[in-house]
Amino acid sequence: MKPLKEKISITIDEDVLKELKILAEEDDRSLSQYINIILKKHIKNNKSI
């Protein structure tokens, strides 16, 4: 079963969005999927436990 997803709206700097789109395309992923992956990595790497 796929994990539940929730739609949100965020504001991203134009230069950051441009780079994210390039990186997502290079990784053959949708922008949403790519952002989700990098956010999960960031959270995992910054847990203080």
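This is a predicted model, so every value here is computed, not measured.
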Practice task
Group every Ile, Leu, Val, Met, Phe, Trp and Tyr by side-chain heavy-atom contacts under 4.5 Å, then state whether Tyr34 and Leu17 land in the same group.
Solution key: yes
Practice task
Say whether Leu23 and Ile38 are linked into one hydrophobic cluster, either directly or through other cluster members, by side-chain heavy-atom distances under 4.5 angstrom.
Solution key: yes
Handout entry: Results of side chain to side chain donor-acceptor pair (under 3.5 Å) for Asn36 - residues two or more places apart only
Key = none
Handout entry: Partners meeting side chain to side chain contact (heavy atoms under 4.5 Å, CB included) with Ser32 (sequence neighbours left out)
Key = Ser30
Problem - salt bridge (charged side-chain N to carboxylate O under 4.0 Å, His left out) pairs, two or more places apart, involving residues 29-38 - result: Asp27-Arg29
Problem - Co-membership, hydrophobic cluster, residues Ile35 and Val16, 4.5 Å side-chain - result: yes
Problem - Pairwise salt bridge (charged side-chain N to carboxylate O under 4.0 Å, His left out) hits with a residue in residues 10-24, at least two apart - result: none
Problem - Results of side chain to side chain contact (heavy atoms under 4.5 Å, CB included) for Glu25 - residues two or more places apart only - result: none
Practice task
Rounded to the nearest 0.5 Å, what's the gap from CD on Gln33 to CG on Asp28? Could you check?
Solution key: 9.0 Å
Practice task
Apply side chain to side chain contact (heavy atoms under 4.5 Å, CB included) to Ile10 and list each qualifying residue two or more places apart in sequence or on a separate chain.
Solution key: Ile8, Ile12
